[in-house]
Colleague: 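Here it is: the structure, laid out below.
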Amino acid sequence: MTSAPPQAAAAPTTSARGRVVRGLAVAVVAAGVLAVWLWGRQITRDGGDLHLREGYVVVGPFDVVLSARVLLPVALAAAVVLWGPALARRLGWRGLLAASTAGAAGWAVALAVNGGWDALAAPMATEYEYVADVGRVGDLGTFLSTYVDSVPVGSADPWVTHVSGHPPGALLAFVFLDRIGLGGAGWAAALCIAGGALAVPAVLVAVRVVADEAAARAVAPFAVLLPGAVWIATSADALFAGVTAWGVALLALAAARAPSGTGWAHALAGGVVLGLSLYLSFGLTAAGLLALTVVLVQRSRLGWAGVVRVLAVAAVGVALVAAVYTVGGYWWFEGIEVVTQRVRDGAAYADREEQSTWFLAGNLAAGALAAGPAVVAGLAGIRGRLALLPPAALAGMLGSDLSGFVLGETERIWLPFVVWLLPATASLPARSHRFWLTLSALLAIAVEVTVRTPW
């Protein structure tokens, strides 16, 4: 079977009608976010308890912290707005990937330090985070085989909040970091920031494969100035986003290069990485929709038999990871059952369930803020094969929302899916890029300055 070039992305719509549609889409979403915020504030004024910390972006009260340090994200944003689009077009491909990664990391750090130079490590040093339980892990076999014993509410020696709500892979990431001599909250924060930044080149690689290089270059500045970067420094979900993104990107490359040996190697590697993601967070199961999408959109070149082969090889990679954990003593399906029961037994669950309608809307509002106005505008006009990626991400987010077990904090929890909404920005006309980049940057800075997020 001969290799065909990737399908070019549909040309962005530059008509007056297109501008109106994009503006209307952003206005409607903005109005929805405002309505959700007002609704949540009314619930709390009426005595309702949403059991959300003050830093939850669509409930928390304003707490403005404005210092000279805010000039750092302002300066970085100005540089990306002014020179980012042109630089993205001119850099070599590898240079673009490196620059985008560095820019995304710098943007996340610049936003975080507005709250103080210790703001990078402080979130990972709290009693709720993984670092607090690193010292409890001794022999790995014993750790895996007894992991679920400390998950239930009321267990004799419970894990901290974030550890108990996830499979053991999340804690193991920080344990391994500690065992190579990089322990403590500072190095844990660095790992999270690196993970979030590395999601950017993964998305660009997938966009290049699914559409074309011009589309990937158009997306790059928007990926750097993603408003969700407020929660990349520092949240373990940023690490999850990076791992998942590269699993998806490897499958996209596998489908593009199959049936060569390189293609099968990429498929196996992608399966292994996606398998690892399943042991970082149960919610990343929905990322399988993204993996399926980047392969299926290349069906015209692969044929159905090729699609099945790529997915089968990837499944072997997932199975290998599952086998290691299972032999070690941790059964994934038992883990999700225990965590589900833990959520139901939690003191906050009954109260939150009473406000389930608000959470359905609140989760989406928080996700919209993390994605930003450029993504919303792009979704209003995206076409071609690239148009299939954001709906796959949205489907994962909606599935999480409708499950009833994700009650708040989706601005960070959904980062692994939000980054896959970025391909929508390829549909924005080039002459409007600076405008939409400016809006995205201003939103991120406004959130960082006005809301004290604990992640």
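FYI, side chains are in, hydrogens and waters are out, and symmetry mates aren't considered; it's all heavy atoms of this structure.
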Colleague: Roughly how far, to the nearest 0.5 Å, is the CG atom of Asp237 from the CH2 atom of Trp414?
Modeller: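 Going from the CH2 atom of Trp414 to the CG atom of Asp237 covers 12.5 Å.
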Colleague: With no hydrogens and no angle check, is any side-chain donor or acceptor of Arg208 less than 3.5 Å from a backbone partner on Ala216?
Modeller: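 Not confirmed, Arg208 side chain does not pair with Ala216 backbone.
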Colleague: Taking all atoms of both residues into account, what is the closest heavy-atom pair of Ala197 and Pro201, and its distance?
Modeller: O-CD, 3.2 Å
Colleague: Report the distance from atom CG of Leu296 to atom CZ of Arg385, rounding to the nearest 0.5 Å.
Modeller: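 So the CG of Leu296 and the CZ of Arg385 are separated by 11.5 Å.
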Colleague: Is a side-chain donor or acceptor of Glu127 paired with a backbone partner of Ala132 at a separation under 3.5 angstrom?
Modeller: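 Answer holds: no.
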Colleague: Return yes if some donor-acceptor pair links the side-chain N/O of Arg412 with the main-chain N/O of Trp231 below 3.5 Å, else return no.
Modeller: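 Not at all, since once roles are kept as given, no pair shorter than 3.5 Å links the two residues.
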Colleague: Give a yes or no on whether the backbone of Ala121 and the side-chain of Thr234 come within a donor-acceptor separation of less than 3.5 Å.
Modeller: no
Colleague: To the closest 0.5 Å, what do you measure between CD1 (Ile232) and SG (Cys192)?
Modeller: 10.5 Å
Colleague: Passes side-chain contact (heavy atoms from CB on, under 4.5 Å), Leu386 versus Leu389? Steps please.
Modeller: CA-CA 6 Å; Leu386 202 57; Leu389 284 179; 4.0 Å; yes
Colleague: Is it the case that over 12 heavy atoms from other parts of the model lie below 6.0 angstrom from the CZ atom of Arg45?
Modeller: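 Count over threshold, so yes.
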Colleague: Residues in side chain to side chain contact (heavy atoms under 4.5 Å, CB included) with Leu402, at least two apart?
Modeller: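 Applying side chain to side chain contact (heavy atoms under 4.5 Å, CB included) to Leu402 gives Leu360.
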Colleague: Pairs under 3.5 angstrom only: tabulate donor-acceptor contacts from the side chains of residues 361-373 to other protein residues two or more places apart or in another chain.
Modeller:
from: Asn363; atom 1: OD1; to: Gly408; atom 2: N; distance (Å): 3.1
from: Asn363; atom 1: ND2; to: Phe359; atom 2: O; distance (Å): 3.2
from: Asn363; atom 1: ND2; to: Asp401; atom 2: OD1; distance (Å): 2.8
from: Asn363; atom 1: ND2; to: Val406; atom 2: O; distance (Å): 2.7

Colleague: Judged by atom type as modelled, is there a donor-acceptor pair below 3.5 Å linking the side chain of Ser150 to the main-chain atoms of Asp157?
Modeller: yes
Colleague: Grab the two heavy atoms, one from Val151 and one from Val338, that are nearest each other, plus how far apart they are.
Modeller: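 Minimum heavy-atom contact is CG1-CG1, 3.6 Å.
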Colleague: Atom CG of Leu87 and atom OG of Ser100: how far apart are they, to the nearest 0.5 Å?
Modeller: 8.5 Å
Colleague: Check for a donor-acceptor pair, side chain of Asp133 on one end and backbone N or O of Val160 on the other, with a separation under 3.5 Å.
Modeller: yes
Colleague: Kindly indicate, with the supporting measurements, whether the criterion side-chain contact (heavy atoms from CB on, under 4.5 Å) is fulfilled by Leu289 and Phe417.
Modeller: CA-CA 10 Å; Leu289 293 171; Phe417 299 98; over 6 Å; no
Colleague: Identify the two heavy atoms, one from Pro423 and one from Ile382, that lie closest to each other, and give their separation to 0.1 Å.
Modeller: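 Pro423 and Ile382 have their closest heavy atoms at O-CD1, 3.8 Å.
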Colleague: Passes side-chain contact (heavy atoms from CB on, under 4.5 Å), Val137 versus Phe174? Steps please.
Modeller: CA-CA 10 Å; Val137 180; Phe174 298 100; over 6 Å; no
Colleague: Any donor and acceptor pair, going by atom type alone, linking the side chain of Thr438 with main-chain N or O of Arg434 inside 3.5 Å?
Modeller: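 A pair under 3.5 Å: yes.
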Colleague: Angle class for the Tyr130/His162 ring planes (parallel below 30°, perpendicular above 60°, tilted otherwise)?
Modeller: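 Taking His162 first and then Tyr130, their aromatic rings sit tilted (interplane angle of 30° to 60°).
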Colleague: Partners of Glu337 by salt bridge (Lys or Arg N to Asp or Glu O under 4.0 Å), sequence neighbours excluded?
Modeller: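 Testing Glu337 for salt bridge (Lys or Arg N to Asp or Glu O under 4.0 Å), a comparison that skips the adjacent residues, returns none.
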Colleague: Return each pair, listed once, that meets side-chain hydrogen bond (donor to acceptor under 3.5 Å, both in side chains) where at least one residue sits in residues 184-199; pairs must be two or more places apart or across chains.
Modeller: none
Colleague: Go through Ile193 and Leu120 one step at a time and tell me if the side-chain contact (heavy atoms from CB on, under 4.5 Å) criterion holds.
Modeller: CA-CA 9 Å; Ile193 294 168; Leu120 290 174; 4.0 Å; yes
Colleague: Quick one: does any side-chain atom of His433 pair with a main-chain N or O of Leu428 as donor and acceptor, under 3.5 Å?
Modeller: yes
Colleague: Working to the nearest 0.5 Å, report the span between CG of Leu284 and CG of Leu278.
Modeller: 7.0 Å
Colleague: Do side-chain atoms of Arg22 reach the backbone of Gly378 as a donor and acceptor pair under 3.5 angstrom?
Modeller: no
Colleague: Please give me the minimum heavy-atom distance between Leu76 and Ala110, naming the atom from each residue.
Modeller: CD2-CB, 4.3 Å
Colleague: Donor-acceptor pair, Trp107 side chain versus Pro73 backbone, under 3.5 Å?
Modeller: no
Colleague: What distance do Leu415 atom CG and Ser281 atom OG have between them, rounded to the nearest 0.5 Å?
Modeller: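 One finds 11.5 Å between CG of Leu415 and OG of Ser281.
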Colleague: Tell me the closest heavy-atom pair linking Leu290 and Ala393, and the distance in Å.
Modeller: CD2-N, 3.8 Å
Colleague: Determine the minimum heavy-atom distance between Ala88 and Ala220, stating which atoms define it.
Modeller: CB-CB, 4.3 Å
Colleague: Show me the donor-acceptor pairs, under 3.5 Å and distance only, between side chains in residues 240-249 and residues at least two apart or in other chains.
Modeller:
from: Thr244; atom 1: OG1; to: Phe240; atom 2: O; distance (Å): 2.8
from: Trp246; atom 1: NE1; to: Leu198; atom 2: O; distance (Å): 2.9

Colleague: Which residues satisfy the side-chain hydrogen bond (donor to acceptor under 3.5 Å, both in side chains) test with Ser164, sequence neighbours excluded?
Modeller: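 Result, side-chain hydrogen bond (donor to acceptor under 3.5 Å, both in side chains) vs Ser164: Arg342.
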